[in-house]
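The basis for the numbers below is simple: all heavy atoms, side chains too, and nothing from hydrogens, waters or symmetry mates. Here is the naming used below: chain letters follow the sequence lines, and residue numbers restart at 1 for every chain.
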Number of protein chains: 2
Amino acid sequence: MVNISDVARAAGVSKATVSYVLSNDPRITEQTANKVRKAVKELGYTVNHAARALSANETKTFGIVSPAYHSNYLSGLFGLHVYLMSECAAQYGYDTLFIGNDDGAEAMLKAWNSRKVDGFILMDVRDDDPRMRIAAKMNMPTVVFGSPKDSFGLDVVDSDFVKESENIIDFLESENHAEITLVLWSKQIFKRRLGFALRFYDSIMAIADRHGLVVHAVSPDDDNADPTQIIEQALDAYPQSTAMVIYNEPATIVGPRTFAQLDIRVPDDLRVVTVFPKQLVTTMKIPFAAVQTDVGQLAKASMQLLMSRVANRDAPKAEVLFDFPLVIEP
Amino acid sequence: MVNISDVARAAGVSKATVSYVLSNDPRITEQTANKVRKAVKELGYTVNHAARALSANETKTFGIVSPAYHSNYLSGLFGLHVYLMSECAAQYGYDTLFIGNDDGAEAMLKAWNSRKVDGFILMDVRDDDPRMRIAAKMNMPTVVFGSPKDSFGLDVVDSDFVKESENIIDFLESENHAEITLVLWSKQIFKRRLGFALRFYDSIMAIADRHGLVVHAVSPDDDNADPTQIIEQALDAYPQSTAMVIYNEPATIVGPRTFAQLDIRVPDDLRVVTVFPKQLVTTMKIPFAAVQTDVGQLAKASMQLLMSRVANRDAPKAEVLFDFPLVIEP
DNA sequence: CTGAAAGCGCTTACAG
DNA sequence: CTGAAAGCGCTTACAG
């Protein structure tokens with residue numbers, strides 16, 4: 001494999017000069033630089049990553065650490081997240097290391113200690129997440145994708161659940177719904193204290209209460225419960241509700257079929273509002289009013305935050321919350 | 001950050017000895033090894049990845065290179081694949097680098113030339129895929145996840161489309177269906193020559209023909225076509241068909257709702273067979289007969305192949321094809 | 001404006 | 001059974 005010495009020899013300069021050219025050091029003459037670039041091209045040279053990382057003490061790689069499974073359930077969103085983050089990272093010249101199938105905290109610590117990455121994105125964060133503790137303690141550049149109660153001083157990106165809830169409740173009120181049913185993520189997810197589930201619940205309950213709406217919250221016992229049954233049970237239990245808010249991925253996917261089978265026309269017989277990634281609303285043709293989460297924007301923002309953080313470890317912590325629109329006509 | 005010299009000093013041995021202990025070299029006494037291990041633990045030492053990689057010339061990292069988007073459509077399977085492969089890799093002490101958002105071939109070449117990975121898994125391979133050409137030409141340890149017509153001498157893992165097709169056709173014949181409709185992946189995907197789409201089509205058509213079944217194949221023009229409409233059009237165009245085989249992810253997801261809306265009872269009014277990942281059949285409660293692809297097995301097999309290939313670049317090429325069962329009662 | 005040289009933190013023949 | 005030393009391929013003060 002061709003190395004920097006080969007290039008230096010071919011271009012008739014020193015290794016140092018080659019290195020400077022590669023990092024666009026302005027001290028090198030355009031003429032010299034061109035000789036070097038030509039040699040690089042001709043020899044098909046690529047910097048050895050390990051050597052560069054060892055010497056420069058940076059890897060140009062970030063770790064995306066995800067528990068991935070919400071208990072047994074793998075979200076369709078997951079792949080989208082990985083893909084989009086990686087795409088953003090590439091624009092900054094960063095590669096993406098996928099970390100943590102089981103114990104994310106441990107895998108993260110190992111990646112950090114071995115200096116395999118420059119920073120982390122934490123997916124599916126829960127309150128009191130050990131990954132956050134470790135990141136904070138070791139001062140690892142880290143952005144938290146999610147809404148933990150305490151972010152341990154780490155940078156945070158997420159949807160603005162308060163605004164989302166307000167939008168939903170305002171809309172339902174404008175349609176004069178007085179009693180609504182909430183189909184939420186499973187109890188397993190609540191028990192694991194996943195931020196998105198907790199924050200959404202807290203905020204929508206608070207706001208509905210303030211507006212004097214009657215809310216019936218329903219949450220399946222576990223993730224693998226049949227989502228169709230969840231919906232049916234919710235309908236049976238609260239027939240007086242005129243609207244249903246679904247914040248549960250499988251239930252959203254299965255919802256259209258379930259209502260069709262029960263001969264419930266949406267929105268005429270029942271107004272249904274969901275919270276779902278914009279990208280999947282389209283793909284899966286979800287025919288509900290939906291707060292369309294834009295995963296692309298979230299990915300972009302978290303990458304930007306991470307880059308800033310890597311550049312300046314001591315910058316004040318940032319928090320970016322997105323107010324995604326409630327789209328009535330899908 | 002604590003390094004190997006710190007450990008050597010603390011344990012009262014040389015750096016070489018520490019390194020040998022870390023790689024479980026049998027030449028080191030148990031006694032010495034224990035001293036070293038104690039020091040490692042006390043100091044919280046982790047091998048510096050870049051240094052190790054540079055010196056040993058192996059990264060213990062593989063690249064999973066995926067175009068990810070089948071044109072505009074991101075498969076729900078994608079995340080599952082990434083997750084499961086990464087999980088398998090971890091068992092071999094390998095990390096997973098996610099590669100290639102746009103030009104996979106170029107990104108792959110760069111990762112290889114910079115020696116950032118030891119090998120690759122190629123996702124969503126198409127006939128004549130430039131990634132395969134490059135992998136073969138540069139002799140990169142690579143396993144192809146998919147069924148290209150020509151695998152360029154690379155290792156291959158996939159479903160056995162011939163057997164799948166036989167199972168489906170045998171089953172339909174046993175139920176006395178004489179005329180069936182095939183809902184396939186989009187024309188975009190066929191145009192891009194994705195192996196799974198082409199191979200499935202070829203094999204099921206051949207086998208149906210051999211059995212004297214009449215087959216009507218339908219394929220949406222593009223990936224973002226409304227899958228509901230595809231199904232409706234297929235039903236309209238071929239009302240005489242008594243069975244429908246769906247090999248198209250969005251159509252499978254949307255299928256149950258579509259049939260419900262049209263008041264078509266499955267399987268009484270229409271037998272429906274799909275090909276779908278076992279894991280998602282469960283999650284999405286797909287109520288169809290299904291060839292349940294086990295992504296876990298595929299991931300495991302490809303990882304094993306890759307490990308063998310890394311260990312022996314000159315071993316004869318391997319091909320592992322899985323005959324996944326057709327499950328009638330979901 | 002360019003180069004000689006030290007150093008990053010490991011591994012691995014080789015010697016003893 | 002263990003250690004001294006070379007070497008992996010870069011980057012980066014420093015000198016000129």
With a cut-off of less than 4.0 Å, is there a side-chain N or O of A:S55 near OP1 or OP2 of D:dC10? no
C:dT12 C1' sits how many Å from B:L22 CG, rounded? 14 Å
Does the side chain of B:T32 get closer than 4.0 angstrom to OP1 or OP2 of D:dT2 through an N or O atom? yes
Round to the nearest Å and state the distance from B:E58 atom CD to C:dC10 atom P. 15 Å
Angle between ring planes, B:W112 versus B:F120, binned at 30° and 60°: parallel, tilted or perpendicular? tilted
Taking DNA chain D as the partner, which of residues 34-43 of chain B come within under 4.0 angstrom of it by heavy atom? none
NZ/NE/NH1/NH2 to OD/OE distance under 4.0 Å, A:R199 and A:D127: yes
Can you tell me how far P of D:dG9 sits from CG of B:N57, to the nearest Å? 8 Å
Is a salt bridge present between B:K278 and B:D294, judged by a nitrogen-to-oxygen distance below 4.0 Å? yes
May I ask you to evaluate whether A:T17 reaches the phosphate of C:dC1, defined as a side-chain N or O under 4.0 Å from OP1 or OP2? no
Test of ring centre spacing under 6.0 Å for B:F98 and B:F62: no
If you check every side-chain atom of A:I4, which of C:dC10, D:dT11, C:dT2 has the closest atom? D:dT11
So, B:K116 and A:D95, do they make that salt bridge, N to O below 4.0 Å? yes
Short side-chain N/O contact to D:dG9 OP1/OP2 from A:N3, under 4.0 Å: yes
Rounding to a whole Å, what distance do you find between A:R9:CZ and C:dG3:P? 14 Å
Quick one: do A:E58 and A:R115 make a salt bridge, cutoff under 4.0 Å? no
Can you tell me if B:S19 touches the phosphate of C:dT11, counting only side-chain N or O atoms and a distance under 4.0 Å to OP1 or OP2? yes
Between A:K15 and B:S23, whichever has its closest DNA chain C nucleotide further toward 5' is A:K15
Do you see a donor-acceptor pair shorter than 3.5 Å between the side chains of A:N113 and B:Y45? no
Which one, D:dT11, C:dT11, C:dG9, comes nearest to the side chain of A:L54? C:dG9
Give a yes or no on whether A:K38 atom NZ has more than 12 heavy-atom contacts from other residues, nucleotides or ligands under 6.0 Å away. no
To the side chain of A:S14, which of D:dT11, C:dT11, C:dG3 is closest? C:dG3
Review item, nucleotides 13-16 of chain D N/O atoms under 3.5 Å of protein N/O:
from, atom 1, to, atom 2, distance (Å)
D:dA13, N7, A:Y20, OH, 3.4
D:dA13, N6, A:Y20, OH, 2.5

So what's D:dC1 paired with, Watson-Crick or G-U wobble, going by both distances under 3.5 Å? C:dG16
When rounded to whole Å, the CD1 to P distance for the pair B:I28 and C:dT12 reads 13 Å
So which nucleotide from D:dT2, C:dT11, C:dT2 ends up closest to the side chain of B:T29? D:dT2
